[in-house]
Amino acid sequence: MKRVGVFLCWCGSNIAAHVDLDRVQEMSEDLGNVVHVQQNKYMCSEPGQETVRKAIQRHGLDRVVIAACSPRMHERTFRRTVEGAGLNPYLLEIANVREHCSWVHPDKETGTPVAIDLVRTAVAKAVQDVPLQSSYAGVEKRALVIGGGIAGIQAALDIAGSGYEVVLVEREPTIGGRMAQLDKTFPTLDCSSCILTPKMVEVSQDPRIRLLTYAEVESLAGYVGNFEARIRLKARSVDFVKCTGCGDCWNKCPYRTPGEFDLGLGKRKAIFIPFPQAIPSKPTIDRDTCAYFQKNGKCQVCKKFCQAGAIDFEQTDEILEEKFGAVVVATGFDLWDHARYGEYGAGEHPDVISSLELERLLSASGPSDGHLKRPSDGREPKRVVFIQCVGSRDEAKGVGYCSKICCMYTAKHAIMLKEKIPDSQAFVFYIDVRTPGKNYEEFYRRATVEAGAQYIRGRVSRIYLRGKQLVVVGEDTLLGQKVEVEADLVVLASAVVSRADAPQVAQKLGFSYDNYGFFTEAHPKLAPVETNTAGIFLAGACQGPKDIPETVAQAGAAAAKVVRLFAKDKLETEPMVARVDPEHCAGCQWCRPICPYQAIGMETLTERPGGRRVTRRVARVNTSLCHGCGACSVACRSGAMNLLGFSNEQLWAEVEALCL
Amino acid sequence: MKVAYYPGCSSHGSAADYDRSARVVAGALGLGLVEVPDWNCCGASSAHALDHQLALDLAGRNLALAAQLDLGGVVTPCAACYSRLNRAHQWLGEDRRRWLDLAARVERPYRDVGKPRSLLELVVGAIGLPAVAERVRRPLQGLKVAAYYGCLMLRPPEVARFDDPENPRSMDDLLRTLGANPVRWGHKTECCGASLSVSRPELVRKLVDDILDNAAAAGAECLATACPMCQANLEQRRSADRTMPAYYFTDLAGLAFGFSPVDLGIAMHLDSSLHPLLSQGQGGDRP
Amino acid sequence: MPLAEVEPKIVAFFCNWCSYAGADLAGTSRIQYPPSVRIIRVPCSGRVNPRFILRAFQLGADGVLVAGCHPGDCHYSTGNYFSRRRLSLLRRFLAYLGIDERRFRVRWISASEGPRFAETVKEMTEELRQLGPAQKVAATSVD
Amino acid sequence: MAVIPTIDLTQAAAGREVLLQQVRQLADTDPLACYQCGKCSAGCPLSFAMEQQPRQILRLVQLGLKEQALASATIWLCAGCAACTTRCPRRVKIDSVMDALRQLAAREGRPAREREVAAFHESFLETVRRGGRLHELGLVGRYKLRTGRFLQDGILGWKLFSRRRLPLKPSRVSDRRAMERLFRPELQP
Ligand SMILES: Cc1cc2nc3c(=O)[nH]c(=O)nc-3n(C[C@H](O)[C@H](O)[C@H](O)COP(=O)(O)OP(=O)(O)OC[C@H]3O[C@@H](n4cnc5c(N)ncnc54)[C@H](O)[C@@H]3O)c2cc1C
Ligand SMILES: Cc1cc2nc3c(=O)[nH]c(=O)nc-3n(C[C@H](O)[C@H](O)[C@H](O)COP(=O)(O)OP(=O)(O)OC[C@H]3O[C@@H](n4cnc5c(N)ncnc54)[C@H](O)[C@@H]3O)c2cc1C
Ligand code: SF4
Ligand code: SF4
Ligand code: SF4
Ligand code: SF4
Ligand code: SF4
Ligand code: SF4
Ligand code: SF4
Ligand code: SF4
């Protein structure tokens, strides 16, 4: 038999005035298992707590029920109290007779029966309580950052700056991401590489950051504090130890191909660095273009000219296995492919380009050295039409959401256009101009008033050819009249979308993503950089459209979360987690998909019923991943899955006690 | 191959020329057109403007009649009929109870025998361009044609479910197979305004002129259409100074197959002038 | 006893993060509601096993109320979606057992919706008064 | 002085739900989804003839301004080409909304702003009701009677006639009663 002590708090008159505590005491004394009942004016006061501790010892209590305020208020307090008396802190139950009874009912007449029910229920639950223990796991104080755009760079620098080691994995030959492709940046118009390059250099020079470019994470196992990653280092065919970055190889290489960095608007060599400020500033051979690889061993010009003897055609991929305590995912975004808009030419007009292509055409390091020339004939465009929300806010053909950054970068483009070509005219077709940010509206004003861009409110219906002339047709919805422009160049503000492989990345790393492929934060307001997998954090546009200031802020926040984790030597795990009774588990796996945290795995049990060796698959909860929601325990039809602290037995007992 | 053929009202009237070339070309491609018995007007242009249910029922009756022929889905040469038949077909497909309701109204059972197709769809799809290529006797070498699809054969895409609604290619591909050079132009799918042709001819004139001008700017020498309403409109509602001929795609196919303009009913066009490329050896070596 | 004097008994399962806190808020705001409801705290509405609900009806509860965070706000991100699906299945099953489905409600109540909680209890109590006391279900049909 | 009236939304609100519901039902689309981007109007081949753009018709419906919507010439000038519907980013079936409004106008016996267009449709259906098929000469005859436009298209008619493209004898459906069953009495002119 259990020895339950019941403690009734007056809360001054808060409870006492609405509940006849003497009657509650009488009833409680009649309950089975209850061996001691006591009242106190202020249970949470130090003397009140002392009463409880004394009673536990004097009466040998092994379960405690406190009828007082909401457990959300003092559960922790009283757990500590009972622990102080040598009892397991989870052998405590609270009956919420204040918030759920005395405060909401006018008098003792109404309040007392409710209080009686609540106390009886708490006692019933307490009888079913079992001692629970937290467990502890060590923390590998090293972070893995995936993606080397501005988000990944910032997160890596912040974590390293707090004294921890970081491995930064970038799949391209250089870090920098999209920001490196930009010309100038709103709302201040600093040159993108001027503010990005120093950070890239800092990454390469920080002794705590190990930079792995041309690399990808193949798999991630483990849990918070103890992840294990397999990282593939793709063969670059260049020995980085020997290479001095002199550039002789790429200057001499005779083979060219359209460059990814310039979005195909310019060319690069088969051995290349993507752009002059690339980090690392050592080259990579693209085996799909290189003659040596494509034409069995021909060419080798680079090898001939490399004085350092760094060219290594035989190099193979390497696999690295490393342990990490936390992961920051910063894999960035892509632009929606406007070829899906047949009405805008299906990507077939060379002078209908994406906004990112325009960035390359404007950039001093771009394919046209910063002279804005249109792709078809190299002429300087005078009438440039910008179309907003291409693919964005389009449930029919694109994505339903607003891409958030395009209103601002188009204002930037309009200003830049005027700067580069003073006798040009920008026409911007928009539906709404969205500029919620510090100095953003002012920046938009600059585009319209100072740069004289013509903003026309209306979504363009069609871009078509009249002879060889591109014609853009829209409605000026403010006038209610159709308008058309003969355009020299059309720039489409294509939607920000998730990277094509985002779902695979999320699956590989073990967290969720939304319908659009953006990674899902644990809570939209209160946990915006956490994923629902403990220890994995998000930074930048992989989570949703973001501009640079927001990306950098989020990366800093993700870094802070990592550092907060690393500040502890051991992680305490929540004791109220799910537990499988392997005896009853049928191995059906119903519980697994329901867990929001992928905390349930399977293990093989070996048994010897009657001497025969039998193996059987059963579910197993990873207590480091489990958050204790209990969904699995309901999904389980065999009753094998239970939730500690809110067990089937406890809840069942509560229901029965209530319905007595 | 035999198919149920829904000619549409114009084929028995102002588009008798189209009906002719359609039958000639179908025959040449080994396609038997079996006219749907006792078909009625599909209601295009007007029924849906005034009565939703009537529009569905008029088209639905034809579908029920066609189903009785047991030849698979119905084919029609007219884009407007095509659109109405498809709308009815889809509406019926959404709920089987509608089959019985329709059957009661038209006093015939309805059965789903597949998506109604346009003649063009059938030629480029079921028959296929290789079969067309085999039949070509006199390629239309060098003829610059603007393939004009108009609106209803492609739109709305959920109804038409044929080709790309913004950048259709089927007729261009067909013309290329016939040896012609389809031009890249901007008004392939602009509406010609046929439904307003009688009531607001002056509006329609602007639409037609725009289409002809855009084709001319792209260097086209003639237009190819796949709809009697388009063809009639393009011919009848143009300003006097526009001279570009508008042919049915079946006219051009027939000429490439070696048939004469008379066989094909081209002589019945308002502008029956033939491009020099087309008139060469006209009426000569019949296959 | 005359009908109006019998206070119906509602067994309620409230998720810790939203609805339980919402009920607390009704308390701190001293919003009065009928003394009919008894709240059992659960971590998430997804923890509520339909068997608990059936058990309550079996033992004569007049009503059962399940409350959790609004869809999309679940502390565990998806728990309330599961419960929504599961409990709507249960609703159909109740009818089969001969339990008036008006005796069973599922509500989304956030931590700031103390008044909404009180309103819900009032409405439900009123409806249960109309329906009269529940009958105990034959034990065999549940287990 | 021309007075531009202030639109009374308080009054419009009363009939708004009814109108929205009618349009939803007839057009199988929700006018409230429209966010007034103008892509429909921009692609509408007849917008040049429309005092109110297709987008504005949607707006009238959204506000519940039924009188204005049904009195608009736009609903009759729409050629039904579906360029709008094909491109609408919100999947509004604008062409069907136009159909719905014409049907409502017809159902309520409102005089059409575009008399000729409505007359054409009525003549068309009358011809079909009589013979089951469209007989162009018959249609033109009826239409001219309704509109008094006797001289329009005289030359064109001759051209077609002379090319044997205007048959004198109508082609008919042999099942005489077939059409009577489909044309519901309330629509008989
Ligand atoms: C046309 C245009 C103009 C813009 N102009 C401005 C501006 O003026 N001002 C402003 O504030 N913002 C601007 N932006 C927004 C800005 O580009 C983004 O905010 C920023 O680039 C987001 O950075 P990120 O690091 O999240 O993503 P990214 O820059 O996309 O970086 C992600 C990195 O991760 C790498 N990666 C991807 N997948 C993997 C993987 N599986 N494994 C390893 N590595 C991976 C990628 O190669 C890339 O290097 C503009 C955007 C566009 C499109
Ligand atoms: C009407 C309205 C509705 C909103 N709705 C939403 C919504 O639905 N969703 C959403 O995400 N956001 C919403 N917001 C925005 C949200 O309120 C803010 O983002 C958020 O409150 C900002 O928090 P804060 O801590 O920065 O500032 P505050 O909430 O302003 O907190 C600042 C604190 O600092 C204290 N303080 C000030 N000066 C001093 C000083 N000198 N010394 C000491 N203490 C000081 C203040 O007393 C205050 O407690 C809404 C805002 C408004 C106005
Ligand atoms: S324990 Fe709670 S109810 Fe008791 S005195 Fe303290 S605050 Fe009041
Ligand atoms: S030539 Fe050799 S050392 Fe110089 S950059 Fe190329 S690989 Fe490096
Ligand atoms: S082998 Fe030739 S093609 Fe290949 S990288 Fe070297 S120089 Fe270029
Ligand atoms: S930011 Fe502006 S351009 Fe971009 S999707 Fe949103 S509204 Fe459209
Ligand atoms: S209690 Fe919740 S978090 Fe834990 S294993 Fe079960 S479903 Fe997953
Ligand atoms: S649902 Fe229950 S029985 Fe099935 S695998 Fe999970 S724990 Fe085992
Ligand atoms: S295109 Fe669609 S959303 Fe845009 S104005 Fe027209 S109906 Fe409205
Ligand atoms: S369907 Fe009507 S409203 Fe729509 S684009 Fe065509 S003519 Fe204009």
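Proteins get letters first, then strands, A, B, ... in listed order; numbering begins at 1 in each. Just so it is clear, the model here is predicted, and its values are computed rather than measured.
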Flag if over 12 foreign heavy atoms under 6.0 Å of CD, Glu35(B) | yes
Do [X] and [Y] touch side chain to side chain, with heavy atoms closer than 4.5 Å?
{"X": "His52(B)", "Y": "Asp99(D)", "answer": "no"}
{"X": "Leu46(D)", "Y": "Leu196(B)", "answer": "yes"}
{"X": "Arg181(D)", "Y": "Asp57(B)", "answer": "no"}
{"X": "Asp51(B)", "Y": "Arg102(D)", "answer": "no"}
{"X": "Gln103(D)", "Y": "Leu54(B)", "answer": "no"}
{"X": "Cys81(D)", "Y": "Leu152(B)", "answer": "no"}
{"X": "Met179(D)", "Y": "Asn40(B)", "answer": "yes"}
{"X": "Leu182(D)", "Y": "Gln53(B)", "answer": "no"}

Nearest 0.5 Å, what's the CG-CE distance between Leu203(B) and Met50(D)?
-> 9.5 Å
Mind checking the CZ-CG spacing from Phe48(D) to Leu207(B)? Nearest 0.5 Å is all I need.
-> 5.0 Å
Region of [X] that comes under 4.5 Å of a non-hydrogen atom in chain D:
{"X": "Pro201(B)", "value": "side chain"}
{"X": "Ala44(B)", "value": "backbone"}
{"X": "Leu154(B)", "value": "neither"}
{"X": "Arg200(B)", "value": "side chain"}

Residues which pass ring-ring contact (aromatic ring centres under 6.0 Å, His included) with His269(B), listed by chain and number, not counting sequence neighbours = Tyr248(B)
Using heavy-atom distances under 4.5 Å, tell me whether [X] contacts chain B through its side chain, its backbone, both, or neither.
{"X": "Asp28(D)", "value": "neither"}
{"X": "Val173(D)", "value": "both"}
{"X": "Thr127(D)", "value": "neither"}
{"X": "Arg115(D)", "value": "neither"}
{"X": "Leu77(D)", "value": "both"}

Between [options], which has the largest tally of heavy atom pairs under 4.5 Å with chain D?
{"options": "Gly265(B), Gly150(B), Ser195(B)", "answer": "Ser195(B)"}
{"options": "Ser199(B), Ala232(B), Cys192(B)", "answer": "Ser199(B)"}
{"options": "Gly43(B), Ala15(B), Cys41(B)", "answer": "Cys41(B)"}
{"options": "Cys151(B), Cys9(B), Pro37(B), Ala49(B)", "answer": "Ala49(B)"}

Which members of residues 77-92 of chain B, sorted by number, sit under 4.5 angstrom from chain D on a heavy-atom basis?
-> Arg87(B)
State plainly whether the residues Lys93(D) and Glu158(B) are in salt-bridge range, i.e. N to O under 4.0 Å.
-> no
Pick whichever of Ala105(D), Ser96(D), Ala79(D) has the most heavy-atom pairs under 4.5 Å with chain B.
-> Ala79(D)
Top contributor to chain B contacts, counting heavy-atom pairs under 4.5 Å, from Ile75(D), Asp175(D), Thr85(D) = Asp175(D)
Just by modelled atom types, is the Ser10(B) backbone N or O under 3.5 Å from a matching donor or acceptor in the Arg133(D) side chain?
-> no
Minimum heavy-atom distance between Pro156(B) and Thr86(D), given as atom pair plus value = CA-OG1, 3.7 Å
Taking it one step at a time, do Leu50(B) and Phe124(D) satisfy side-chain contact (heavy atoms from CB on, under 4.5 Å)?
-> CA-CA 11 Å; Leu50(B) 298 180; Phe124(D) 187 108; over 6 Å; no
